[in-house]
Amino acid sequence: REPLLIAFGGLTFGLLLFALLYGFSRGRARALTLADRATSTRDQVEERFQRAFEDAPIGMALVGHDGHLMRVNRSLCRLLDQTEAMLLGVSIAAILLPDDLSRLKASMDSLRSGGDRSAVLEERFIDAHGQTMTGSVSLSLVAGPDDDAYFIVQIEDITERKLAEARLAHRATHDSLTELPNRSYFDGRLADAVMRGTEGITVTSEEHTSELQSHSFISYAVFGLKK
């Protein structure tokens, strides 16, 4: 009976060992399958982002934590009339109007500090010929270690819209025939002048109120306008 028990014990051990090895093999295969799926999903997401980035109808760029352009799409190259090779590695300050740089830096600093998740602002850019283009800029930060964090920048050309707004504002304050300033223009200038002249002054009597109102009558007399 002992040889039989030994044989049975050996068979049982063999079956257990086979089961363990089989389970390990299946677990390893499943782990590899899941890893392959994760890699495939990541590749698909990356491919979709690449297509969306390259084919976007508005300008897009990836800007490093140091403010240099890491990637640019075709739309941005067209907006600035520059090639991809000309823009890559260039500081974003080089394509901005100097007066607008501080506003962009402030928005980037706010995103880095966690104060905001995204930012939208208007900036003026300079193309290859020195012409100014106004863009609506959307910023978002892709978090990571300081050296790996970068900004996704989207730039929509709103130059024509800003020009149209300026034309409408001009028409509202100038005569359509003579192009001279009209009554609305002078009213606005007068209101500004009165506000500046009376800043910090508290009117405490009817006499002072009448004195301030008299400025209005004087201005109409000077400009030849009737109230």
Side-chain angles (χ1 to χ4, degrees), residues 44-174 176 179 181 184-185 188-189 192 196:
Q44 290 177 5
V45 171
E46 177 66 19
E47 183 181 356
R48 289 172 184 170
F49 174 78
Q50 300 286 357
R51 290 182 179 178
F53 183 89
E54 292 297 338
D55 299 337
I58 62 175
M60 291 188 68
L62 301 185
V63 180
H65 70 284
D66 57 356
H68 287 79
L69 301 176
M70 300 164 51
R71 286 189 60 184
V72 295
N73 70 348
R74 289 187 291 269
S75 294
L76 183 59
C77 291
R78 284 194 296 268
L79 281 179
L80 301 176
D81 199 18
Q82 299 192 49
T83 64
E84 182 180 3
M86 294 168 65
L87 291 172
L88 291 181
V90 172
S91 171
I92 195 169
I95 60 174
L96 274 176
L97 211 63
D99 291 345
D100 291 1
L101 182 58
S102 60
R103 186 166 57 244
L104 181 66
K105 284 185 174 180
S107 295
M108 287 182 165
D109 289 341
S110 179
L111 292 177
R112 286 194 195 96
S113 65
D116 295 302
R117 298 185 62 181
S118 62
V120 178
L121 59 158
E122 290 183 4
E123 297 286 327
R124 291 170 295 175
F125 295 84
I126 306 171
D127 66 16
H129 309 289
Q131 300 298 314
T132 301
M133 180 273 293
T134 304
S136 175
V137 180
S138 298
L139 286 173
S140 58
L141 177 67
V142 178
D146 289 342
D147 292 341
D148 294 332
Y150 61 90
F151 296 93
I152 298 177
V153 182
Q154 301 178 70
I155 304 169
E156 180 185 2
D157 185 1
I158 59 170
T159 305
E160 290 300 321
R161 191 186 83 190
K162 299 299 290 185
L163 290 174
E165 290 175 354
R167 285 194 293 268
L168 287 174
H170 179 83
R171 290 173 185 172
T173 57
H174 289 73
S176 59
E179 287 296 320
S184 295
Y185 174 85
R189 293 294 297 273
D192 290 341
R196 287 194 300 269

S138 side chain vs V120 backbone, donor-acceptor pair below 3.5 Å: no
Answer yes or no: is there a donor N or O on one side and an acceptor on the other, between the side chain of R112 and the main chain of A149, under 3.5 Å? no
Can you list the residues that meet the salt bridge (Lys or Arg N to Asp or Glu O under 4.0 Å) rule with D100, with sequence neighbours excluded? R103, R124
How long is the gap from [atom1] on [X] to [atom2] on [Y], to the nearest 0.5 Å?
| X | Y | atom1 | atom2 | answer |
| --- | --- | --- | --- | --- |
| L69 | L88 | CG | CG | 7.5 Å |
| L101 | E123 | CG | CD | 8.0 Å |
| E156 | Q154 | CD | CD | 9.5 Å |
| S75 | L80 | OG | CG | 11.0 Å |
| D116 | L139 | CG | CG | 10.5 Å |
| D66 | I92 | CG | CD1 | 11.0 Å |

Within the 4.5 Å heavy-atom criterion, are [X] and [Y] side-chain neighbours or not?
| X | Y | value |
| --- | --- | --- |
| M60 | N73 | yes |
| I126 | L96 | no |
| V90 | Q82 | no |
| L87 | I95 | yes |

Please list all pairs meeting salt bridge (charged side-chain N to carboxylate O under 4.0 Å, His left out) that have one or both residues in residues 70-89, counting only residues at least two apart or in different chains. E54-R71, E54-R74, D55-R74
Any idea which heavy atoms bring L111 and A119 closest together, and the distance? CD2-N, 4.4 Å
Where is the tightest heavy-atom contact between T132 and L97, given as atom of each residue plus distance? OG1-CD1, 4.2 Å
Scan L79, L76, V137 and name whichever one has a side chain to side chain contact (heavy atoms under 4.5 Å, CB included) with F125. V137
Are H68 and S91 close enough, and set up right, to give a side chain to side chain contact (heavy atoms under 4.5 Å, CB included), and what steps lead you there? CA-CA 4 Å; H68 287 79; S91 171; 4.0 Å; yes
For the pair R161 and E122, find out whether any cationic side-chain nitrogen is under 4.0 Å from an anionic carboxylate oxygen. yes
